[in-house]
Amino acid sequence: MTTSPGATAATGTRRKARTALVVGGGVAGLTAARDLAAAGLRVTLVEADDHFGGAVGAHEVAGLVLDSGAESFATRSDAVPQLLEDLNLSDRVVSPNPAGSWLYLPEGAMPAPNTGVLGIPADPAASSLRPALGRSGIARARMDRMLPASVGAGEKSLGSLVRARLGARVLERLVTPFVSGVYSTHPDELDVDAVAPGLRAGLREHGSLCAAAGALRAKSPAGANVASLDGGMNQLSERLVRDVESRGVKIVTDYDVIALDRDPRRPGWMVIQRQPQNGDKTAVARGELLVMAADGPTTVRLMGGHLPDSQRYSPKPGPRVALATLVLDCPDLDGAPRGTGLLVSSDVEEVRAKALTHSSAKWAWVQREAGEHRHVLRLSYGRADAGSDTVPPEVALPDGHLISLAISDARTLMGVHIGPEQLVGADVVRWHTALPRTDVGHSKRVNDFRRAIKDVPNVIAVGAWLSGTGLAAVVADTRQQVAKLLRNHGYETPAQRD
Ligand SMILES: Cc1cc2nc3c(=O)[nH]c(=O)nc-3n(C[C@H](O)[C@H](O)[C@H](O)COP(=O)(O)OP(=O)(O)OC[C@H]3O[C@@H](n4cnc5c(N)ncnc54)[C@H](O)[C@@H]3O)c2cc1C
C-alpha cells in the first residue's frame, strides 16, 4: 500500500489537516461539509448537478412547492432530529395523518395492517391481517413460531427468508408491496442484511421472524414511524446549504468530478472536475482530507485506482424510478378514501404504479397550501420484477404519457372519478442514481469496501449506498464517519463542540 505525504500518524507527528474536499452535495455531502467546517477546516464542496440536496429537493407544481424526492425521515433514531435541531428546524417537525396507508391487491383496496418492519407482521395472529392473508395465509404465517430457528437463517435474500418462515402469501401480499415501494427491488433480490440489519440475528435470538420484526419495531419510539417538516423535507437541503455557506465552505455546482488523485505537491488529494455546461472546461480542486459522498458506482470508479481489486466492491447501478405528481381539483378526495396512500402488489395488472401517496391527506401543510378541495397525489413508477435489470417500461415513457397513465392509475387506486379535466398541474421527476441497488451480496461488498478504504490515508466515503437508504441511516453514518476522520486528525468532533 502506498502512503500519502500526510500519513505520518504512525510516527505521532501528524500535522493537523487544514483543508478538506467533499465530492457530492446530497444530504451526506452537505452534512459532511458542515461538520468539517464546524471543526475549523476550510472546505470545498463539489456537486455535479446545478443544485445541492441530491434526492432531497423541491419542485413547483401548480404554484405549490413540494418535495421532489424524499418527503419524510424515519424516527427510529435521533440522527435526523439532532441535525434539524442543529439547523434550528426542530420547530417545523410534523407528524403524518395517523389514518395510515392502504394496500392494493388483485382483489382491490384494503387498509394495510400494522406490521413490524418491511411488511413482516410482528403478530401473525393479528385479526387485521385476515383481509390481506386469508385463513390459509395466516395459518402458514403462524408456523413461524413453531419452526426451528435454523429454518431460513442461512437465506441471504429477504424474499427467501420470508418465504421460508412465513410462506408465499406474506411475501407477495405484505412484504413485496412494501419493499417494492421503498427500494424498487423485488425481495428475492434484496440483501436482507443490507435492508434490515439485525433481522437475522433477531431470528436466532427469538426463534421467530415475526418476533424479530416486532423487536426491531419496538426499538423505534412509539407513534408514527416517520416525520417531516412543515413546508417539506427540501428545507433540510436548503438550510444545510445556507449553513455551510455561512461557515465559509466554498461550494461549486455544475462540476462533475471525473478523476481523483493524490496531490503530488502537498499532502492530500486533488480532484479533476469537468464543467459540461461550459464546453467541458476542466478545473482542479485540492484538499488534505477527502470525503467521497457520491453514489456507489461513481465512488468506486473514482477511488478504483487507490483500492486493491476495486471491481470486487463495485455496486450495480441503482433502480430507476419516476414520480408523477398530480395536483387536482377533486372534492371526492376530501374524505381521504385511501388514508395516506397505497402500496400496490406486483400481481395487480390494471395499475402500473407501485405506490401512491395522497400527499394532501398525509401532510396537513400540503392541504393548507393547496386549499379547499384541491389535492396532491404522487404516484411512483418503477416496479421491481424479480430478476429484471432493465429500465421499467413506465419509467421510459415521455412525461405526457406518464401523466395520463398516472391519472388513470389514480382513478383506479382511489376508487373515485379522477379525470384530465380536474388536473390543475402535473410534473414528472426521474431518479437514476439516488437509490442504491441493495441486491444480495451488497452488505459484503460494503464491508469489503469499508475495510479497503481504511488503508487509504485521509479519505472516507459516505452516502446511502454505504449506510443504507433513508435519511436516518445516511445522516447517522455520515456524522459518525466524519467524526472518526476528524478524531484521527486530532480534531474535536463537531458533536463535542456543538
Ligand atoms: C424518490 C425518492 C424518495 C425518497 N424518499 C425518502 C423518504 O421519504 N424518506 C427517507 O428517509 N429517504 C427517502 N429517500 C432516500 C433518501 O433520499 C436518500 O437515501 C438520501 O437522500 C441519499 O443521500 P446521499 O447524499 O447519500 O445521496 P444523493 O442524494 O444521491 O446525493 C449524491 C450527490 O452526489 C452527486 N454526484 C454524483 N456523482 C458526482 C460527481 N462525479 N461529481 C460531483 N458530484 C457528484 C449527485 O449529483 C448527488 O447530488 C428517497 C429517495 C428517492 C430517490
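Start at 1 and go down the list; that is how both ligands and their atoms are numbered. One-based numbering along the sequence shown.
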- Task: Of the side chain and backbone of Val56, name the one, both, or neither that has a heavy atom under 4.0 Å from an atom of ligand 1.
- Result: side chain
- Task: Could you tell me the residue and atom name of the protein heavy atom closest to atom 29 (O) of ligand 1, and the distance to it rounded to 0.1 Å?
- Result: Ala55 N, 2.9 Å
- Message: With respect to Trp431, determine whether any N or O atom, backbone or side chain, lies less than 3.5 Å from an N or O atom of ligand 1.
- Response: no
- Task: Count the heavy atoms belonging to other residues, nucleotides or ligands that lie under 6.0 Å from NE2 of His401, then report whether that count exceeds 12.
- Result: no
- What residue and atom, counting heavy atoms only, is the protein's closest point to atom 40 (C) of ligand 1, and at what distance? Asp256 OD1, 3.5 Å
- Message: Under 4.0 Å between a side-chain nitrogen and a carboxylate oxygen: does that hold for Asp477 and Arg450?
- Response: yes
- Task: Examine Arg262 relative to Trp269 and say whether NZ or CZ is less than 6.0 Å from the centre of the six-membered ring and inside a 45° cone about the ring axis.
- Result: yes
- Task: Run down the list Val226, Thr253, Leu471 and name the one with the heavy atom closest to atom 11 (O) of ligand 1.
- Result: Leu471
- Query: Do any nitrogen or oxygen atoms of Ser72 lie less than 3.5 angstrom from nitrogen or oxygen atoms of ligand 1?
  - Reply: yes
- Item | Residue, atom name and distance, where the atom is the protein heavy atom closest to atom 30 (O) of ligand 1 | Ala434 CA, 3.9 Å
- Any N/O pair Gly470/ligand 1 closer than 3.5 Å: yes
- Per-atom filter on ligand 1: closer than 4.0 angstrom to a heavy atom of Ala293 are 32 (C), 34 (O)
- Task: Identify, for atom 34 (O) of ligand 1, the protein heavy atom at the shortest distance, and state residue, atom and that distance.
- Result: Gly24 CA, 3.4 Å
- Query: Would you say ligand 1 has an N or O under 3.5 Å from any N or O of Phe73?
  - Reply: no
- Under 4.0 Å from atom 49 (O) of ligand 1, do we find at least one protein heavy atom? yes
- Could you name the option among Val80, Thr31, Val257, Leu45 that has the heavy atom nearest to atom 42 (N) of ligand 1? Val257
- Message: In this structure, does ligand 1 have an atom that sits under 4.0 Å from one of the heavy atoms of Trp465?
- Response: no
- Item | Side-chain heavy atoms of Pro319 within contact of Leu435, under 4.5 Å | yes
- Query: Does a side-chain heavy-atom distance below 4.5 Å link Tyr183 with Thr469?
  - Reply: yes
- Message: Please report whether ligand 1 has a polar contact with Ala294, defined as an N or O pair separated by less than 3.5 Å (distance criterion only).
- Response: no
- Using side-chain contact (heavy atoms from CB on, under 4.5 Å) as the criterion, point out the one residue from Leu326, Leu413, Thr340, Val344 that pairs with Leu356. Leu413
- Query: Does a side-chain N-to-carboxylate-O contact under 4.0 Å join Arg368 and Asp230?
  - Reply: yes
- Any nitrogen or oxygen of Val27, main chain or side chain, under 3.5 Å from a nitrogen or oxygen of ligand 1? yes
- Pick one of side chain, backbone, both or neither for how Ser380 approaches ligand 1, counting any non-hydrogen atom pair under 4.0 Å. neither
- Within a distance under 4.0 Å of any heavy atom of Gly463, pick out the atoms of ligand 1 and give their elements. 26 (O)
- Message: Evaluate Asp243 against Arg239 for salt bridge (Lys or Arg N to Asp or Glu O under 4.0 Å), listing each step before the verdict.
- Response: CA-CA 6 Å; Asp243 185 279; Arg239 190 63 70 89; over 6 Å; no
- Which heavy atom of Met270 sits nearest a heavy atom of Val284, and at what distance? CB-CG1, 4.0 Å
- Query: Between Lys362 and Glu71, is there a salt bridge with N-O shorter than 4.0 Å?
  - Reply: yes
- Message: Out of all atoms in ligand 1, which are within 4.0 Å of some heavy atom of Gly69? Include the element for each.
- Response: 3 (C)
- Note on the structure: If we number the atoms of ligand 1 from 1 as shown, the ones under 4.0 Å from a heavy atom of Glu71 are 7 (C), 8 (O)
- Sub-3.5 Å N/O-N/O distance, Thr469 and ligand 1: no
- Would you please say whether a donor-acceptor pair under 3.5 Å links the side chains of Glu85 and Ser90? no
- Closest protein heavy atom (residue, atom, distance) for atom 25 (O) of ligand 1: Ala28 N, 3.0 Å
- Hey, are Asp448 and Arg445 close enough for a salt bridge, meaning a charged N less than 4.0 Å from a carboxylate O? no
- Item | Atoms in ligand 1 flagged as close to Val46, the criterion being non-hydrogen separation under 4.0 Å | 43 (C), 44 (N)
- Message: Tell me the protein heavy atom at minimum distance from atom 26 (O) of ligand 1, and give that distance in Å.
- Response: Ala464 N, 2.9 Å
- Subset of ligand 1 atoms that lie under 4.0 Å from at least one heavy atom of Asp295: 37 (C), 38 (N)
- Query: Is a salt bridge present between Asp399 and Arg430, judged by a nitrogen-to-oxygen distance below 4.0 Å?
  - Reply: yes
- Of Ala48, Gly468, Pro436, Ala70, the residue with the heavy atom nearest atom 5 (N) of ligand 1 is Ala70
- Query: Do Arg352 and Asp409 sit within salt-bridge range, that is, some charged N less than 4.0 Å from a carboxylate O?
  - Reply: no
- Message: Would you say that more than 12 heavy atoms from the other residues, nucleotides or ligands in this model lie under 6.0 Å from the CZ of Arg286, or not?
- Response: yes
- Task: Please report which non-hydrogen protein atom sits nearest to atom 46 (C) of ligand 1, along with the residue it belongs to and the distance in Å to one decimal place.
- Result: Glu47 OE2, 3.5 Å
- Item | Heteroatom distance test (Gly29, ligand 1): nitrogen or oxygen, under 3.5 angstrom | no
- Salt bridge present between Lys156 and Asp439 (N-O < 4.0 angstrom): no
- CG/Asn114: more than 12 non-hydrogen atoms of other groups inside 6.0 Å: no
- In terms of atom number and element, which parts of ligand 1 are under 4.0 angstrom from non-hydrogen atoms of Leu323? 1 (C)
- Message: Within the 4.0 Å heavy-atom shell around Gly26, which atoms of ligand 1 are there?
- Response: 25 (O), 29 (O), 31 (O), 33 (C), 49 (O)
